[in-house]
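Any value given below was found using the heavy atoms of this structure, including those in side chains, with hydrogens, waters and symmetry copies removed.
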Amino acid sequence: MATDYYGVLGLAQGATDSEIKKAYRRLARDLHPDVNPDAEAKERFQEVTRAYEALTDPEKRRIVDLGGDPFDPGAGGGAGFGGAGFGGLGDIMDAFFGGAAARGPRSRTRAGRDALIPVELELDETVFGTTKELTVDTAVLCDACSGAGTAPGTHPATCVTCSGRGEVQSVQRGFLGQVVSSRPCPTCSGTGQVIPEPCPKCAGDGRVRARRTISVKVPAGVEDGMRIRLTGHGEVGPGGGPAGDLYVEVREVPHPVFTREGEDLHCRVTLPMTSAALGTTLSLKTLDGEEDLDIRPGTQSGSVLTLRAHGAPRLRATGRGNLVVHVEVQTPTRLDGEQEKLLRELAALRGEDQPESHREAQGGLFSRVRDAFKER
């Protein structure tokens, strides 16, 4: 039976791409070998990564939705005619009309799977780029047999069950006449060869699991959720087959000051009301260093100031985004006697010390709104 990749991630069939990504990240965060060294967790992590790969690749997901297994070459990549359970359209034709065309043995050497590993990066690392040394646990070529799977000094032997053909045939008589069917040889799994003396290090698989360190160059401007592809750094295939690719998924750590929206960075500054009223120059710490930010007299709370080209670089274009500064004006909550006296004098000078004037102003505003509705 095909693996229930949706069930592996705890999802129902038809889950959205966003739900698949969230489910994978939640599970991988707990099961990754760097976090959980338990052997069962490692095996579970591999299952989860395999399920994520199957459901995020459109073609592989199509095969899964049809009831097949995209990683099973013997199943033809799907259910239905040519898929698991039917043995292929050729077998159906052979069964009805007799005579099975020999397909020949399949190679023991198969391509390896892709691998996925997350990496956490600080904001300045995603903005300016960096180089990371990552520890990867994948299948690598067995150095004892160089992928052959045989013990030193030995060689594969021809399978006696299928005589090297890789398949066996059975003949049955029915109401349609003689029925000849073919299936992969159960002794050699369709390869036509067996290994009498397997390699003691890899047990005949041609690969072993190993932990290695690789250097990953992170380009400037990457964002949370993006993947960096390292060709040929994934899992080595059975029989020493070519390795798949390794995908490094970026996880950007939240910054205490800046938030990111695409190529733009955002931050918030708080000003005393006196500085906002009189104007001032702020020394603002940016990712590029200290920058002077001019605050004009009369700046209001909620104002937005922009520092050009102080954001993240554009990945597929030139230039950088902006640093957007959101201003909040702070009103004092406690005043000593002298401060209160000065503020009252200022209020009197500005004509803001008469509550009646505020009521009149409010009345004027409300009456204008009322009149505007009457005119409609």
Side-chain angles (χ1 to χ4, degrees), residues 5 8-9 16-29 31-35 42 45-64 69-73 77 109-141 147 207-238 240-253 260 262-263 312-318 320:
Y5 291 112
V8 171
L9 296 178
T16 65
D17 292 342
S18 177
E19 290 172 338
I20 293 170
K21 181 177 179 181
K22 288 180 181 178
Y24 171 74
R25 292 183 65 172
R26 183 182 68 255
L27 293 169
R29 191 177 294 115
L31 298 172
H32 193 275
D34 291 342
V35 177
K42 179 188 293 186
F45 176 73
Q46 293 171 359
E47 293 176 356
V48 167
T49 301
R50 188 181 178 91
Y52 180 76
E53 179 185 349
L55 297 180
T56 51
D57 183 290
E59 180 59 25
K60 291 178 181 176
R61 184 170 181 177
R62 184 186 69 81
I63 294 173
V64 171
D69 190 333
F71 300 111
D72 183 5
T109 302
R110 299 195 298 275
R113 296 182 298 168
D114 295 339
L116 177 69
I117 182 173
V119 58
E120 290 191 345
L121 298 175
E122 301 291 339
L123 178 62
D124 60 329
E125 293 177 318
T126 61
V127 169
F128 299 116
T130 186
T131 299
K132 285 284 186 180
E133 299 294 323
L134 299 182
T135 300
V136 183
D137 188 355
T138 59
V140 299
L141 187 70
R207 56 183 183 168
V208 293
R209 298 207 69 83
R211 184 166 285 194
R212 54 200 170 95
T213 301
I214 60 173
S215 181
V216 180
K217 186 176 181 180
V218 180
V222 295
E223 296 184 49
D224 183 67
M226 286 186 173
R227 291 181 180 180
I228 302 168
R229 179 181 179 182
L230 302 178
T231 304
H233 284 273
E235 301 270 351
V236 167
D245 298 333
L246 174 65
Y247 291 89
V248 179
E249 185 173 83
V250 175
R251 295 182 182 174
E252 189 176 87
V253 178
R260 182 172 177 180
E263 297 148 359
R314 298 179 176 90
L315 264 179
R316 297 174 180 82
T318 58
R320 293 174 60 179

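- Annotation: side chain of H233 is not in contact with side chain of L134 (no heavy-atom distance under 4.5 Å).
- Considering only heavy atoms from C-beta on, F71 comes within 4.5 Å of E53 through its side chain.
- For E235 (side chain) and G244 (main-chain N/O), no donor-acceptor pair under 3.5 Å exists by modelled atom type.
- R314 places a side-chain N or O within donor-acceptor distance of the main-chain N or O of R320, the cut-off being under 3.5 Å.
- The two residues D69 and Y5 come nearest to each other via the heavy atoms OD1-OH, 2.8 Å.
- Between the CG atom of L230 and the OH atom of Y247 there is a distance of 10.0 Å, given to the nearest 0.5 Å.
- With 3.5 Å as the limit, one finds no donor-acceptor pair spanning the side chains of T49 and R113.
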Let me see the working for T213 and V136 under side-chain contact (heavy atoms from CB on, under 4.5 Å), right down to the final yes or no.
CA-CA 6 Å; T213 301; V136 183; over 6 Å; no

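- For the pairing with L121, the side chain to side chain contact (heavy atoms under 4.5 Å, CB included) check across V250, V253, D224 returns one residue only, V250.
- The minimum heavy-atom distance between S215 and T131, with the atom names listed, is OG-CG2, 3.2 Å.
- For the residue pair A54 and V64, the shortest heavy atom distance occurs at CB-CG2, 4.2 Å.
- Remark: side-chain polar atoms of R207 are not paired, donor with acceptor, to backbone N or O of A139 under 3.5 angstrom.
- Closest heavy-atom contact between G225 and E249: O-CG, 4.1 Å.
- For E133, the CD atom is densely surrounded, since the number of other residues' heavy atoms within 6.0 Å is greater than 12.
- Within the model, atoms CD of E263 and CG of L315 stand 8.0 Å from one another, a figure rounded to the nearest 0.5 Å.
- D245 contributes a side-chain N or O that, together with a main-chain N or O of G232, makes up a donor-acceptor pair within less than 3.5 Å.
- Here the closest heavy-atom approach between residue I63 and residue P70 is recorded as CG2-N, 3.8 Å.
- Residue A28 comes nearest to R251 through the heavy atom pair CB-NH2, 4.2 Å, listed as atom of the first residue, atom of the second, then distance.
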Apply the test salt bridge (Lys or Arg N to Asp or Glu O under 4.0 Å) to residues R50 and E47: give CA-CA distance (whole Å), side-chain angles for both, the deciding distance (0.1 Å), then the verdict. CA-CA 5 Å; R50 188 181 178 91; E47 293 176 356; over 6 Å; no

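- Interatomic distance, OH of Y24 versus CG of L31, reported as 9.5 Å (0.5 Å rounding).
- Contact annotation: the side chain of V48 approaches that of L9 to within less than 4.5 Å [non-hydrogen atoms, C-beta and beyond].
- Between the CD atom in E122 and the CD atom in E252 there is a gap of 9.0 Å [rounded to 0.5 Å].
- Of the candidates V218, V216, I214, V222, V216 is the only one forming a side chain to side chain contact (heavy atoms under 4.5 Å, CB included) with V248.
- In this structure, the side chains of T109 and P238 stay at 4.5 Å or more apart for every pair of heavy atoms.
- A 4.5 Å side-chain heavy-atom check between T138 and R212 finds at least one atom pair inside the cut-off.
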Criterion side-chain contact (heavy atoms from CB on, under 4.5 Å) on E223 and T126, from CA distance to verdict
CA-CA 7 Å; E223 296 184 49; T126 61; over 6 Å; no

